[in-house]
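Quick notes on the structure that follows.
Not measured: the values here are computed from a predicted model.
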Amino acid sequence: MGFFVAYIDEQEQIHDDDEVGSNAGYAAFADWAADLGEGEYPALTRLAEEGISDDIDRLEGDLERVLRSKPDRPSEDVLHVARRLLAIVQARPGGALAMVITDGTSGDEGAG
């Protein structure tokens with residue numbers, strides 16, 4: 001089991017996307033990203049804490065910057081999830097207004 005991305009478009013349709021990482025991998029990534037703080041990486045921190053991003057462009061920028069600077073020396077597993085998430089965000093469908101991280105269970109409002 002793992003965590004996946006889902007996008008919400010203008011018609012409030014949900015589009016499922018690829019797996020971001022395993023349960024353990026995404027949990028490690030979310031813990032690391034949440035500790036970075038909103039000041040430097042606001043969209044990434046929100047995604048980690050709440051499992052949602054309604055500013056996908058900013059999230060993409062946060063991921064690019066965090067992968068360049070690697071604050072707090074993340075593990076290779078954390079970097080793998082960050083790189084995977086960036087690739088998914090960069091390939092997002094047109095019209096995507098928000099994205100959520102989900103484990104795929106019904107009633108899930110995001111992970112993090």
Side-chain angles (χ1 to χ4, degrees):
M1 184 117 198
F3 284 91
F4 300 83
V5 170
Y7 293 100
I8 303 164
D9 67 16
E10 296 96 358
Q11 289 80 37
E12 297 184 18
Q13 299 271 335
I14 297 174
H15 304 275
D16 295 328
D17 207 320
D18 293 325
E19 184 174 6
V20 174
S22 67
N23 289 349
Y26 185 77
F29 167 81
D31 287 346
W32 169 77
D35 287 345
L36 296 176
E38 284 185 28
E40 188 74 23
Y41 306 99
L44 180 58
T45 301
R46 180 167 186 223
L47 182 73
E49 292 176 346
E50 300 175 25
I52 190 167
S53 176
D54 56 5
D55 190 344
I56 302 172
D57 290 336
R58 174 168 261 175
L59 176 62
E60 183 177 358
D62 284 0
L63 285 163
E64 289 170 344
R65 287 185 300 112
V66 82
L67 282 166
R68 276 194 307 273
S69 62
K70 299 179 182 76
D72 297 335
R73 299 180 356 196
S75 70
E76 190 54 42
D77 288 342
V78 167
L79 290 173
H80 174 77
V81 172
R83 286 190 293 266
R84 179 76 184 123
L85 187 55
L86 178 59
I88 290 170
V89 167
Q90 289 174 330
R92 67 189 172 272
L97 297 179
M99 64 175 273
V100 294
I101 302 293
T102 177
D103 65 3
T105 60
S106 70
D108 192 17
E109 295 182 11

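- Here the straight-line distance linking atom OG of S22 with atom CG of D77 works out to 7.5 Å at 0.5 Å rounding.
- For the pair Y26/I101, a side-chain contact is recorded, criterion being any heavy-atom separation below 4.5 Å from C-beta on.
- Nearest heavy atom pair, residue T102 against residue A6, reads CG2-CB, 4.5 Å.
- Scanning all heavy atoms of the two residues, the minimum distance from A82 to L67 falls at CB-CD2, 3.7 Å.
- Across L97 and I56, no two heavy atoms sit closer than the pair C-CD1, 4.0 Å.
- Residues V78 and P74 share a closest heavy-atom pair of CG1-CB, 3.6 Å.
- If you take CG on D103 and CZ on F3, they are separated by 5.0 Å, rounding to the nearest 0.5 Å.
- Distance check: Y7 OH to M99 CE gives 5.0 Å after rounding to the nearest 0.5 Å.
- Summarising the geometry, atom CG belonging to L59 is positioned 10.0 Å from atom CD belonging to E64; distances are rounded to the nearest 0.5 Å.
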Set out, in order, the CA-CA distance, both residues' side-chain angles and the distance that settles side-chain contact (heavy atoms from CB on, under 4.5 Å) for V89 and L63, then state yes or no. CA-CA 9 Å; V89 167; L63 285 163; 4.3 Å; yes
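- Remark: D54 engages R46 in a side chain to side chain donor-acceptor pair (under 3.5 Å) (not counting sequence neighbours).
- Looking at I88 and V20, their side chains come closer than 4.5 Å, going by heavy atoms from C-beta outward.
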Using atom types as modelled, flag every donor-acceptor pair under 3.5 Å from a side chain in residues 29-44 to any protein atom, sequence neighbours excluded.
from : atom 1 : to  : atom 2 : distance (Å)
W32  : NE1    : P71 : O      : 3.0
E40  : OE2    : R65 : NH1    : 3.4
Y41  : OH     : S69 : OG     : 3.2

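- Note that the CD atom of E50 and the OG1 atom of T45 stand 10.5 Å from one another [nearest 0.5 Å].
- Summarising the geometry, atom CG belonging to L85 is positioned 10.5 Å from atom CD belonging to E60; distances are rounded to the nearest 0.5 Å.
- Scanning for salt bridge (Lys or Arg N to Asp or Glu O under 4.0 Å) contacts around D57 gives R92, with sequence neighbours left out.
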